[in-house]
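A quick write-up on the structure given underneath.
Read the numbers this way: they start at 1 and go in the same order the structure lists the ligands and their atoms.
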Amino acid sequence: MARDGTGPTVVGTADALAPVTDADVVVAGAGPGGAAAAAHLAALGHDVVLLEKEPFPRDKVCGDGLTPRVVKELLELGMVDEAHGRVDGWATQKGLRIHGGHTVMELPWPDLDDWPGWGATATRKVFDESVARLAQRRGARLHEGVTVTGPVWRDPSESRVSGVTWRDADDREGVVRAPIVIAADGASGSLARALGVRRREDRPMAVAARTYYRSSRADDPWISSFLDLRDAEGDLLSGYGWIFPLDDGTLNVGLGLLSTSKDFQGVSYRKLLQSWAGGLADEWETTEDNRTDKIRSGPIPMGFNRTPLHQRGVLLVGDSGGMVNPFNGEGISYAMEAARLAAEVVDGALTSKRTADLDAYDAILRQRWGGYYTLGKVFAQLVGHPTVMHVCTEYGMPNRPLMELVFKLMAHLTDGRPADTKDVIINTLQRLTPAA
Ligand SMILES: Cc1cc2nc3c(=O)[nH]c(=O)nc-3n(C[C@H](O)[C@H](O)[C@H](O)COP(=O)(O)OP(=O)(O)OC[C@H]3O[C@@H](n4cnc5c(N)ncnc54)[C@H](O)[C@@H]3O)c2cc1C
């Protein structure tokens, strides 16, 4: 198989998984992280088995927002082109409209050398399947409706993994034998837990809820965020709400609260979202009659909340390693970028046959995002206080240059060799801050 990154056109087998299957790498979970890892590894010529517990198309609770960081990964995978020709089922946007205090400000995605200047939205039903099918076209053996049930060890002392066990919908069981396992099974992190890797309490978490509404405003060229999130008593909450327009005439409407907020545990996310969206109905048509889906919520693990990211031949990718950006709750790009970096490290280790080389994965990711995530943790602690949140929105929002800097910081979008002083400030802060 070619190693030129263009990807072979072999279609992965849809045959039932044999009770004992051998592979170079087995990937648990075909979300954006697992599917991207499988696509990169297959393009590098490796025999990859990708196991997904749900059959596609499957839903995933999400805001459906794809920032320029995701677009960059899609460019790397050859899924979109620079000119961002229209992709079926996707809508593209110019940037973010922020509502806060008494100000509404439109901030285009930054014009940078290192990052594309556009973002998109797509339901996870559409998006996740498209990445998984790409992996399959590149030769990864995707098996849907197959749940990974645990690690298999090479020796009784459990010093190294040698594959995973699985069960399918017909209760058939089996094993995929592989020297390297990628755990991309999402926030539940079941494989990581089976290894004894616990969630780190010193890292921020969020919970977010979302639903969909039919609306004539679904052609909005901006994604919107709302910083004035209030409870039934009108008190400011530490979190934010969003309205992301979709290609199918609906809006993805949601809100999230940080674990540092005092309301994090006690609040009913369903009620809060219903009443918040109801308050915006005049402008956005977000009435109960226009709601097209249930309100569903999910956890958002942030700032590397499971470490180490490699141990005993298992690499954690995406939510299973808690890689969501603490500033804005974005996790798709981090899962996909980690997948690409994991594939490079795994490729090296399979070539050198030195499993110790896999430790580089943890080091590379911490070096790349560790300082930023530490800043994000401080940010989460600060905005956990509603007064700080209030002062920031009330006095910060009207200041456009300040908001441009904050936007770049929160979206994690700067050039490596900056021409803009805002980038210099952000890059320096990240570099000087100890890694999470
Ligand atoms: C309400 C909400 C809104 C969000 N909004 C955004 C947003 O707008 N933009 C953004 O970038 N991020 C957003 N996020 C975060 C984003 O959804 C995640 O960070 C992202 O999905 C992580 O990708 P992943 O591949 O690591 O995990 P997942 O997308 O969770 O994929 C994991 C996959 O593994 C499968 N799986 C699980 N267990 C097993 C098993 N044992 N065996 C086999 N398969 C298994 C699952 O079925 C799933 O397909 C949001 C999260 C929430 C909760």
Side-chain angles (χ1 to χ4, degrees), residues 17 26-38 49-71 73 96 119-125 127-129 131-132 142-151 164-168 176 181-194 205-211 223 225 239-244 246 252-257 269 273 295-302 305-306 316-325 328-339 342 411-412:
L17 190 54
V26 56
V27 181
V49 170
L50 173 60
L51 303 179
E52 166 56 49
K53 71 174 179 178
E54 307 277 348
F56 285 112
R58 64 106 180 84
D59 196 10
K60 153 84 178 81
V61 181
C62 187
D64 304 333
L66 310 173
T67 68
R69 291 189 74 94
V70 181
V71 175
E73 292 309 312
L96 178 69
T121 51
T123 64
R124 296 293 296 272
K125 251 188 198 151
F127 181 73
D128 288 20
E129 182 167 12
V131 188
L142 168 66
H143 292 273
E144 301 165 45
V146 176
T147 301
V148 171
T149 47
V164 296
T165 51
W166 56 263
R167 185 183 312 111
D168 70 10
V176 178
V181 174
I182 291 185
D185 47 359
S188 75
S190 44
L191 253 185
R193 281 188 284 122
M205 276 283 294
V207 169
R210 71 96 177 97
T211 189
I223 55 171
S225 73
Y240 79 96
W242 70 82
I243 296 187
F244 292 174
L246 291 160
N252 180 316
V253 180
L255 52 82
L257 294 188
Y269 287 84
L273 179 51
I295 297 176
R296 292 176 63 200
S297 59
I300 307 191
M302 299 167 155
N305 90 338
R306 280 203 191 90
L316 310 187
V317 163
D319 277 11
S320 93
M323 296 183 186
V324 175
N325 178 344
N328 67 358
E330 168 185 2
I332 298 171
S333 68
Y334 296 92
M336 296 182 79
E337 193 174 333
H412 204 181

Nearest non-hydrogen contact with atom 39 (C) of ligand 1 belongs to which option: L191, D185, L273, L316? D185
Considering only protein heavy atoms, which is closest to atom 3 (C) of ligand 1, and at what distance to one decimal place? G63 N, 3.1 Å
Should one rank G31, A28, S190 by closest heavy-atom distance to atom 31 (O) of ligand 1, which comes out on top? G31
Selection from R124, R69, E330 by shortest heavy-atom distance to atom 16 (C) of ligand 1: R124
Nearest protein heavy atom with distance in Å, relative to atom 43 (C) of ligand 1: K53 N, 3.4 Å
Any idea which protein heavy atom is nearest atom 34 (O) of ligand 1, and the distance to it? G29 CA, 3.2 Å
Of the listed options (V148, D319, N325), which comes nearest to atom 20 (C) of ligand 1 when hydrogens are ignored and any heavy atom counts? D319
Closest protein heavy atom to atom 49 (O) of ligand 1, given as residue, atom name and distance to 0.1 Å: E52 OE1, 2.6 Å
Should one rank S188, G33, G186, A339 by closest heavy-atom distance to atom 27 (O) of ligand 1, which comes out on top? G186
Side-chain heavy atoms of P151 within contact of L191, under 4.5 Å: yes
Distance to 0.1 Å, residue and atom name: give those for the protein heavy atom nearest to atom 2 (C) of ligand 1. C62 CA, 3.7 Å
Closer than 4.0 Å to some heavy atom of D64 - which atoms of ligand 1 meet that? 8 (O)
Pairwise side-chain contact, Y269 with I295, heavy-atom cut-off 4.5 Å (strictly under): no
Please confirm whether A208 comes within less than 3.5 Å of ligand 1 when only nitrogen or oxygen atoms on both sides are compared. no
Starting from atom 51 (C) of ligand 1, locate the nearest protein heavy atom and write down its residue, its atom name and how far away it is, to 0.1 Å. I300 CD1, 3.7 Å
Which residue owns the protein heavy atom closest to atom 32 (C) of ligand 1, what's the atom, and how far is it? A184 O, 3.4 Å
Run the numbers for me: atoms of ligand 1, each under 4.0 Å from some heavy atom of L51, listed by number. 43 (C), 44 (N)
Supply the atom-to-atom distance D319 CG to R306 CZ, rounded to the nearest 0.5 angstrom. 9.0 Å
Atom indices of ligand 1, in the order listed, that fall short of 4.0 Å to a heavy atom of F244: 8 (O)
Sub-4.0 Å atoms of ligand 1 with respect to non-hydrogen atoms of G329: 12 (N), 13 (C), 14 (N), 15 (C)
Distance to 0.1 Å, residue and atom name: give those for the protein heavy atom nearest to atom 12 (N) of ligand 1. G331 N, 3.0 Å
Taking only Lys NZ, Arg NE, NH1 and NH2, and the carboxylate oxygens of Asp or Glu, determine whether R296 and D59 approach each other closer than 4.0 Å. yes
Backbone or side-chain N or O of I332 under 3.5 Å from ligand 1 N or O: yes
Nearest heavy atom to atom 30 (O) of ligand 1 wins, so pick from R58, K60, E54. K60
V61 neighbourhood, listing ligand 1 atoms whose heavy-atom distance to it stays under 4.0 Å: 1 (C), 2 (C), 51 (C), 52 (C), 53 (C)
Residue list, side-chain contact (heavy atoms from CB on, under 4.5 Å) with T121, at least two apart or on another chain: A91, Q93, I223, F244, L246
Would G65 count as being in polar contact with ligand 1, using the rule that some N or O on each side must be under 3.5 angstrom apart? yes
Tell me whether S320 has any N or O atom under 3.5 angstrom from an N or O of ligand 1. no
Pairwise distance CG(N325) to CD1(I300) - rounded to 0.5 angstrom: 11.0 Å
Sub-3.5 Å N/O-N/O distance, A335 and ligand 1: no
So if I count the atoms of ligand 1 from 1 in the order they appear, which ones are less than 4.0 Å from some heavy atom of G298? 53 (C)
Could you state the interatomic distance from CD (E52) to CD (E129), rounded to the nearest 0.5 Å? 10.5 Å
Please confirm whether W242 comes within less than 3.5 Å of ligand 1 when only nitrogen or oxygen atoms on both sides are compared. no
Looking at V146, which atoms of ligand 1 are within less than 4.0 Å of one of its heavy atoms? 43 (C)
